[in-house]
Amino acid sequence: MSEIRNKRLSDDEFMSIRREILGQWPTGQEVQEIEDGIEYQKSIPPEKNFTKVLNKAKAQGKTLVQPRAGVALIEKQIELLNYLANEGEADLLPSTIDSYTRQNRYQEAKVGIEESIKTGKSMLNGFPAVNHGVRGCRQLTENLTKPVQVRHGTPDARLLTEITYAGGFTSYEGGGISYNIPYAKNVPMERTIADWQYIDRLTGIFEEGGISINREPYGPLTGTLVPPFVSHSVAIIEALLAAEQGVKNVTVGYGQCGNLVQDVAALQMLQVLTDEYLEKYGYGDVTVTTVLHQWMGGFPQDEAKAFAVISWGSVVAALSHATKVIVKTPHEAMGVPTKEANAEGLRCTKQIINMLGDQSLDENSLEREKEIIRQETCTVVDACYKLGDGDIAIGTIRAVEAGVLDIPWAPSRFNRGRLLPARDNDGAVRVFSVGDVPFSQDLIDFHKQKMEERARYENREASFQMVIDDVYAISKGRLVGRPGK
């Protein structure tokens, strides 16, 4: 493969790739003309367009709530999502895609659909949109009253994008970093950045046709003790890559870490930094909104304790004024939640947001945390540009290889994996081992001091055991993994 560059795909390049993509599965034949999908999207009312609803919420300072949900059959997916809209009071809806589709294993997804019909229950852990095709997706989106997004985890999601855009979905999650390194072991960065350039260019073509489709880099990454600067760097880079291809509406995300001040500071700084970098590199016409993902790590099995974790995430969303929040359920520790549990998590979140939406935190604490996050994030993003000689696509590939951009706990063999996070004595996620991230000496000293403060409090050495203790802490009823607790 020739070296990837952050340059908009030409029409000839795009159409050459497109012919191959549409031939991957028979339903690809339903999307031969991009204009057909654009015209169909024009018939969708504004209240069902993700971009319009998010922009309105941002202007009004509101936080919208959205669940995760996906089952195998169209009728059951309609029933599930309408239940979450009506009983759960969800403002935005998802279609979580099944694991076979995420791996482009459409034949196995087909078998899962057939088995689901036979058994009367979903034999897939999500909605197989490629197999259902454009007609099936339109049947789904037409029978919903709220905007609906594709949520998945697919390194190569090009055919999925073609079908769902033509099928009436108005928001699409993922990116070449966030849907590769945390999800796949053997997929090179060059491959996924190229594949997601195609997805973003298709989004740009819809934009040029008068249809603004929202794009959302996946914020939580591995969902376990990811320091804010890591996920922020990925979100900003993916926003820049998307903008080059013509995307005009981006939602950048962050996974709750657990310390209230750090989390609120992180969400607010994510908006600021993304706006700044887009403006700096010539994409000032891109609208940016934010999403908080409630706690993505281990959950307590006790439902009452699980509701406490959900409520804590809801507090962060309210105080940070995130544009939306992705809601967890009290059944997280037990597997796929029932629709009733999903609705309960939504109502719990909405209640907290309504109660706290006009409140704020101490500004001095927030500003100190924001400044740390700014320094850390700018260190990584600027280093990526430098490594790429001004090209963020090339620089990102080289940064991952060099460990400058390093995602904790990721399965990818292309990820360096030397950065180790741990909590400080107040529960904020800090860096235990900086690895090859090019922090200044001041930042290194800051994190070392935070680890030593905790070690003194716990009367033990600062060691890797702290990292392990913190991974399991929430599921055991604590935020910080204290010894003997």
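One finds the OG1 atom of Thr222 at 8.5 Å from the CH2 atom of Trp409 (value rounded to the nearest 0.5 Å). The distance from atom NE2 of His232 to atom CE of Met269, rounded to the nearest 0.5 Å, is 8.0 Å. Summarising the geometry, atom CD1 belonging to Ile397 is positioned 9.5 Å from atom CD1 belonging to Ile177; distances are rounded to the nearest 0.5 Å. Note that CD1 of Ile17 is 6.5 Å distant from CZ of Arg158, once rounded to the nearest 0.5 Å. Atom-to-atom distance recorded for Trp295:CH2 and Cys257:SG is 7.0 Å, nearest 0.5 angstrom. Taking NZ from Lys7 and CD1 from Ile394, the interatomic distance works out to 11.5 Å, rounded to the nearest 0.5 Å.
A salt bridge links Arg416 with Asp436; the closest basic N to acidic carboxylate O contact falls under 4.0 Å.
Partner of Asn214 under the side chain to side chain donor-acceptor pair (under 3.5 Å) criterion, chosen from Asn249, Asn49, Thr51: Asn249. Here the rule is side-chain contact (heavy atoms from CB on, under 4.5 Å) with Arg423, and of Lys450, Gln262, Arg430, Arg454 only Arg454 fits it. Partner of Thr377 under the side-chain contact (heavy atoms from CB on, under 4.5 Å) criterion, chosen from Ile372, Val234, Leu270, Leu273: Leu273.
Every residue was checked against the salt bridge (Lys or Arg N to Asp or Glu O under 4.0 Å) condition with Asp98, not counting sequence neighbours, and none meets it. Applying the side chain to side chain donor-acceptor pair (under 3.5 Å) rule to Asp391 yields no partners; only residues at least two apart in sequence or on another chain are considered.
If you look at Tyr198 and Phe14, their ring centroids are closer than 6.0 Å. Ring centroids of Tyr283 and Tyr277 are separated by 6.0 Å or more, keeping the two rings apart.
Heavy atoms of other residues, nucleotides or ligands lying less than 6.0 angstrom from CD of Gln60 number more than 12.
Within the 3.5 Å criterion, the main-chain N or O of Pro147 finds no donor-acceptor partner in the side chain of Thr170. Within the 3.5 Å criterion, the main-chain N or O of His152 finds a donor-acceptor partner in the side chain of Tyr179.
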